[in-house]
Participant: 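The structure is given below, and queries will be raised subsequently.
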Amino acid sequence: MQSEFFTGEGQVRQLLRNFDWTSSSIGPPDKWAPELHTLMDLILQVKYPAVVLWGDDHSYWYNDAYIYLLGQRHPAALGRPFRDVWPELWPETGPVIEAAMAGIPAYFENIPFTISPNGVMEQRYFTLSFSPVRDRSGKVLGMFNAGFETTARVADERRVAFELALSDRFRSLSTPDEIVGEASEMLGQQLGVSRVLYAEIDDANGSFFVRRDWNAPGIQSL
């Protein structure tokens with residue numbers, strides 16, 4: 001039974017072929033419920049990030065497309081309880097998972113998560129679904145989670161909205177100093193930084209002159 005699902009290319013398939021099933025709460029593949037066989041086969045075939053959480057401990061199974069989100073947590077994350085893999089996400093995500101395991105599905109668009117796929121913490125955005133998986137009697141056995149990263153789309157939408165807001169603000173301004181001041185303030189607030197400087201550069205003399213600066217509350221001007 002195991003060879004039917006784990007043959008083929010891919011990091012996760014290779015790990016599953018050599019997995020120590022005696023250490024897993026779901027047991028060996030020949031003892032799995034039919035629903036788990038179907039889900040594992042599904043996530044190993046799809047090309048988008050997909051996850052299966054199974055059992056009372058929410059054991060965590062994922063596909064190759066999901067690996068980049070785990071970063072250094074892979075491959076140790078495979079088969080471990082979700083709460084142990086993502087302890088920093090559990091306070092926010094845990095209630096959604098528990099609800100799905102109780103039979104209540106959920107869907108979220110463009111929600112932020114702070115992760116470190118490249119070893120550096122950064123905020124990414126995702127559209128996610130959390131779907132209960134039931135047996136024929138209606139009992140929830142696990143959860144299927146599929147998601148798509150929307151960071152680029154969110155960034156584009158915010159950029160367009162910022163440009164429109166900037167254009168609207170400029171309509172009521174008449175002097176260059178007013179425009180620079182308003183643009184600096186809006187840019188600082190948009191980026192969430194503490195200081196924005198506007199400088200005029202003198203290439204001939206190798207110098208620059210700071211004409212205006214904006215500082216967040218409590219930050220002293222340079």
Side-chain angles (χ1 to χ4, degrees), residues 1-102 106 108 111-133 140-152:
M1 181 70 74
Q2 177 173 326
S3 61
E4 297 176 10
F5 290 92
F6 303 151
T7 55
E9 299 180 350
Q11 293 187 43
V12 174
R13 279 192 173 96
Q14 182 178 355
L15 288 168
L16 292 175
R17 285 197 293 268
N18 301 301
F19 198 81
D20 179 12
W21 297 105
T22 62
S23 66
S24 170
S25 62
I26 66 175
D30 59 355
K31 303 295 184 182
W32 288 357
E35 293 82 3
L36 180 55
H37 273 295
T38 299
L39 283 175
M40 291 289 278
D41 185 38
L42 173 64
I43 68 169
L44 291 174
Q45 292 189 65
V46 299
K47 301 304 181 183
Y48 53 82
V51 168
V52 171
L53 300 185
W54 203 258
D56 295 336
D57 67 342
H58 309 150
S59 62
Y60 191 56
W61 307 92
Y62 51 88
N63 60 4
D64 279 24
Y66 195 89
I67 290 175
Y68 87 99
L69 297 174
L70 288 164
Q72 297 179 350
R73 300 171 206 256
H74 173 76
L78 193 65
R80 292 176 57 199
F82 178 92
R83 188 169 189 166
D84 293 346
V85 177
W86 296 102
E88 71 275 23
L89 297 183
W90 183 255
E92 181 179 357
T93 309
V96 179
I97 292 174
E98 296 286 7
M101 297 295 282
F108 301 95
I111 59 174
F113 285 102
T114 301
I115 59 176
S116 54
N118 302 310
V120 178
M121 299 300 292
E122 55 185 281
Q123 191 175 70
R124 301 279 190 92
Y125 291 84
F126 298 87
T127 291
L128 302 170
S129 65
F130 298 80
S131 305
V133 178
V140 177
L141 303 177
M143 186 203 76
F144 174 68
N145 170 227
F148 300 90
E149 184 170 359
T150 58
T151 304

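Everything numeric in this text was worked out from a predicted model, so none of it was measured.
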Participant: Ignoring hydrogens and geometry, is there a side-chain-to-backbone donor-acceptor pair from N145 to S129 under 3.5 Å?
Facilitator: yes
Participant: Apply side-chain contact (heavy atoms from CB on, under 4.5 Å) to L69 and Y62, showing your working.
Facilitator: CA-CA 11 Å; L69 297 174; Y62 51 88; over 6 Å; no
Participant: Mind listing the closest non-hydrogen atom pair of I26 and S59 along with its distance?
Facilitator: CG2-OG, 3.4 Å
Participant: Do the side chain of N63 and the main chain of Y48 share a donor and acceptor less than 3.5 angstrom apart?
Facilitator: yes
Participant: As an exercise, state the distance from CZ of F148 to CG of L128, rounded to the nearest 0.5 Å.
Facilitator: 10.0 Å
Participant: Between L70 and A77, which heavy-atom pair has the shortest distance, and what is it?
Facilitator: CD2-CB, 4.2 Å
Participant: Distance from L78 atom CG to S24 atom OG, nearest 0.5 Å?
Facilitator: 8.5 Å
Participant: Do F144 and L42 come close enough that some side-chain heavy atom pair is under 4.5 Å?
Facilitator: yes
Participant: Angle class for the W32/H37 ring planes (parallel below 30°, perpendicular above 60°, tilted otherwise)?
Facilitator: tilted
Participant: I'd like a table of donor-acceptor pairs (distance under 3.5 Å, sequence neighbours excluded) in which one partner is a side-chain atom from residues 85-97, with atom names and distances.
Facilitator:
unit_1 : atom_1 : unit_2 : atom_2 : d
W86    : NE1    : Y60    : OH     : 2.9
E88    : OE2    : R73    : NH1    : 3.4
E88    : OE2    : R73    : NH2    : 2.4
T93    : OG1    : L89    : O      : 3.1

Participant: More than 12 non-hydrogen atoms from neighbouring residues, nucleotides or ligands closer than 6.0 Å to CG on D56, yes or no?
Facilitator: no
Participant: Hey, could you give me the OG1/CD1 distance between T150 and I111, rounded to the nearest 0.5 Å?
Facilitator: 9.0 Å
Participant: Could you check W21 against K31 for side-chain contact (heavy atoms from CB on, under 4.5 Å), going step by step and ending with a plain yes or no?
Facilitator: CA-CA 11 Å; W21 297 105; K31 303 295 184 182; over 6 Å; no
Participant: Out of M143, R83, M101, which one pairs with H58 under the side chain to side chain contact (heavy atoms under 4.5 Å, CB included) rule?
Facilitator: M101
Participant: Just by distance, do the side chain of T38 and the backbone of P34 share a donor-acceptor pair under 3.5 Å?
Facilitator: yes
Participant: Which pair of heavy atoms, one from E35 and one from V133, lies closest together, and at what distance?
Facilitator: CB-CG1, 4.2 Å
Participant: Using a 4.5 Å cut-off on heavy atoms from C-beta on, say whether the side chain of F6 contacts that of L44.
Facilitator: yes
Participant: For E9, does the CD atom have more than 12 heavy-atom neighbours from other residues, nucleotides or ligands under 6.0 Å away?
Facilitator: no
Participant: Heavy-atom distance under 4.5 Å between the side chains of F130 and F108, does that happen here?
Facilitator: yes
Participant: Run the side-chain contact (heavy atoms from CB on, under 4.5 Å) test on L141 and L36 for me, step by step, so that the C-alpha distance in whole Å, both residues' side-chain angles and the decisive distance to 0.1 Å come before the verdict.
Facilitator: CA-CA 9 Å; L141 303 177; L36 180 55; over 6 Å; no
Participant: Mark yes or no for whether T151, through its side chain, and Y125, through its backbone, hold a donor-acceptor pair below 3.5 Å.
Facilitator: yes
Participant: CE/M40 to CZ/R13 distance, rounded to the nearest 0.5 angstrom?
Facilitator: 10.5 Å
Participant: Which heavy atom in W54 sits nearest to a heavy atom in D57, and how many Å separate them?
Facilitator: O-OD1, 3.4 Å
